Amino acid sequence: MRTLNRSRHDVVVVGGRVAGSATAMLLARLGHDVAVVDRALFPSDTMSTHSIARSGVVQLHRWGLLDAVLGSGAPAIRQVTFHALGQSVTRTIKPKAGVDLVVAPRRYALDAIVAAAARRAGAEVCTGITVTGLRRDEDGRVTGICGRDRGGAPVELGARFVVGADGLRSLVAREAGAAITEARPPGGAAQYAYYGGIPWHGIEFFLAERSLAGIFPTHDGEACIWVCTPAAGARAARRGAGTRVEAFGELLARSAPRLAERLAAARRTSPVQGVLRQPNQVRQAFGPGWALAGDAGYHRDAITAHGISDAFRDAELLAGALDQALSAGVEGITALALYQQQRDQALREIFEITCRLAAFPPVPAFIEFQKQLSAANDKEATALASWPIPGERLLATA
């Protein structure tokens, strides 16, 4: 094949959003030759309710990116209100693990910030590239990717390692034959839209039988208004309504009537988006010449809003493993096996809580699981705050 774009790198990362760009940024800060490819152009949006738990905010702070996220217009969120069983409880977010806020930046802003940080660190960030397959040597080891640019010209990038950070339906995972090692029932649905025109006072959760709705304040005075229900309930609402907007309104009125009343004075600024039957699954994380990060390797129901935080944590674990393989003479398979072990250990507690919440137990039990989630988030944030920062010397001079 006549190839117009050909190069070789230490690592090629497929997928340039939060998991992929974070992995590339950290590897570049550690001195490695990294290329990131994504078919999207940045800034651009993607389906996400985009709240970042304390552990993810700790990562942004440690990596020197939190100021940029706040500077993009994402408001610092310093209080959380939980409405359940006829009562409302408001808590101030206390300083822990070096941060005293959470944040819910739109993905068009967050993804562009992390990709720009990867580029500043020295990674080559290539957008508008569609990856169509993996390259292999005669032993079957992955040695790069092939694809095409927006003009249709072929692209080949060679690499010592390829990272798949290309989402739930990962081409890298499929082409590499990454097995699903654990799967739980995919019963939950999440739907959301953006509203503006009224004030928002921090994050709010509205719990009812078989539903959880909420408010995540974000850019431009807007908020992401969302509702999680069993998939069967979301389907029934859609069948009984004329449009997706009407179905969303009915779900909110049933799940969070006080929120629905407030939204009557607001202005919806986006279409309603959502997903049914969200997978709860863990994939094999590595093989000869390849590894997975983010949703490509591990996906959970949106009910715990932990996807971005998981992606940041696993990006750092993977960057550390690849650095060992590239620089410290550690056998690649050995380093990546340790990454998988660390990832599986790190995800376990919140994955279990997520699966229990996604089954929508009775409200008292749901509240107890929410308390467990809060404690688990704080524990994870404290652990992450103690990690050495990859490429800290480069970060200090950036």
Side-chain angles (χ1 to χ4, degrees), residues 14-15 17-20 23 39 45-53 56 107 111 131 163-192 210-212 214 224 226-238 244 251 272-287 290-315 317-318 339-340 343-361 366 369 373 376:
V14 180
R17 295 195 181 272
V18 289
T23 304
R39 64 183 176 184
D45 215 350
T46 189
M47 187 174 292
S48 173
T49 53
H50 54 77
S51 178
I52 306 179
R107 291 295 297 274
D111 296 351
V131 175
V163 172
D166 47 342
L168 175 63
R169 295 170 180 82
S170 167
L171 178 140
V172 174
R174 185 172 67 251
E175 292 286 311
I180 294 175
T181 58
E182 183 175 0
R184 305 289 183 85
Q191 298 176 74
Y192 67 96
R210 309 287 286 167
S211 70
L212 179 68
C224 177
W226 53 270
V227 58
C228 292
T229 63
R235 281 201 198 90
R238 183 67 181 89
R244 176 176 270 191
L251 280 174
V272 174
Q273 301 182 73
V275 60
L276 297 175
R277 293 180 57 79
Q278 302 170 85
N280 293 296
Q281 66 184 34
V282 182
R283 274 196 180 111
Q284 171 188 355
F286 75 99
W290 62 270
L292 302 178
D295 285 351
Y298 163 51
H299 188 278
R300 85 304 304 137
D301 194 287
I303 199 164
T304 45
H306 211 261
I308 294 172
S309 299
D310 283 331
F312 285 163
R313 179 200 64 224
D314 294 350
L317 289 173
L318 179 54
Y339 159 62
Q340 177 168 291
R343 181 206 65 172
D344 291 354
Q345 232 172 9
L347 67 82
R348 179 54 50 192
E349 184 175 13
I350 291 177
F351 183 47
E352 296 294 344
I353 294 169
T354 300
C355 292
R356 290 167 186 153
L357 289 170
F360 293 94
F366 197 105
F369 290 137
L373 175 64

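Note that this is a predicted model, so its numbers are computed, not measured.
For Ala189 against Ala231, the heavy-atom pair with the smallest separation is CB-CA, 3.8 Å. In this structure, Ala234 and Leu251 approach most closely via the heavy-atom pair CA-CD1, 4.3 Å. When all heavy atoms are compared, the tightest approach of Ala293 to Leu318 is CB-CD2, 3.9 Å. Minimum interatomic distance between Ala315 and Thr23 (heavy atoms only, all atoms of both residues): CB-OG1, 3.3 Å. Listed here is the closest heavy atom pair of Leu292 and Ala178: CD1-CB, 3.8 Å. Closest approach of Gln284 and Thr181 over heavy atoms only: N-CG2, 3.7 Å.
In this structure the side chain of Pro279 reaches within 4.5 angstrom of the side chain of Leu168, judged on heavy atoms. Counting heavy atoms from C-beta on, the side chains of Gln273 and Gln191 never come closer than 4.5 Å. Taking 4.5 Å as the limit, every side-chain heavy atom of Val163 sits out of range of all side-chain heavy atoms of Trp290. With a 4.5 Å cut-off on side-chain heavy atoms, Val282 and Arg343 count as touching. The side-chain heavy atoms of Phe366 and Leu357, taken from C-beta on, include a pair separated by under 4.5 Å.
Formation of a donor-acceptor pair under 3.5 Å by the Arg107 side chain with backbone atoms of Thr46 is not found in this model. The backbone N or O of Leu171 sits less than 3.5 Å from a side-chain atom of Asp166, completing a donor-acceptor pair. Side-chain atoms of Arg283 come within 3.5 Å of backbone N or O of Ala296 as a donor-acceptor pair.
Atoms SG and CG, from Cys228 and Leu212 in turn, are 6.0 Å apart once rounded to the nearest 0.5 Å. Between Ser170 atom OG and Asp295 atom CG the span is 10.0 Å, to the nearest 0.5 Å.
Evaluation of the ring-ring contact (aromatic ring centres under 6.0 Å, His included) rule for Tyr298 yields Phe351 as partners, not counting sequence neighbours. With sequence neighbours left out, Asp310 forms a salt bridge (Lys or Arg N to Asp or Glu O under 4.0 Å) with Arg300, Arg313. For Ser309, there are no side chain to side chain donor-acceptor pair (under 3.5 Å) partners, not counting sequence neighbours. Every salt bridge (Lys or Arg N to Asp or Glu O under 4.0 Å) that Arg348 has, sequence neighbours left out, goes to Glu182, Glu352. Legend: residues meeting side chain to side chain donor-acceptor pair (under 3.5 Å) with Thr304, ordered by chain and number and at least two apart, are Thr354. For Asp344, there are no salt bridge (Lys or Arg N to Asp or Glu O under 4.0 Å) partners two or more places apart in sequence or in a different chain. Under the ring-ring contact (aromatic ring centres under 6.0 Å, His included) criterion, His299 pairs with no residue, sequence neighbours left out. By the side chain to side chain contact (heavy atoms under 4.5 Å, CB included) test, Pro230 is found to be paired with Arg210, Phe360, residues two or more places apart in sequence or in another chain being considered. Considering only residues two or more places apart in sequence or on other chains, Gln278 meets the side chain to side chain donor-acceptor pair (under 3.5 Å) condition with Asp301. Every side chain to side chain contact (heavy atoms under 4.5 Å, CB included) that Thr49 has, sequence neighbours left out, goes to Tyr192, Phe216, Cys224, Trp226. Judged as a side chain to side chain donor-acceptor pair (under 3.5 Å), and not counting sequence neighbours, the contacts of Arg17 are Ser44, Asp111. Qualifying side chain to side chain contact (heavy atoms under 4.5 Å, CB included) partners for Ala376, counting only residues two or more places apart in sequence or in other chains: Glu349, Ile350, Ile353.
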For this session: Decide side chain to side chain contact (heavy atoms under 4.5 Å, CB included) for Gln340 and Gln345; before the verdict, give the C-alpha distance in whole Å, the side-chain angles of both, and the deciding distance to 0.1 Å.
Result: CA-CA 8 Å; Gln340 177 168 291; Gln345 232 172 9; over 6 Å; no
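By the 6.0 Å contact criterion, CZ on Arg39 is open, its count of non-hydrogen atoms from other residues, nucleotides or ligands being 12 or less.
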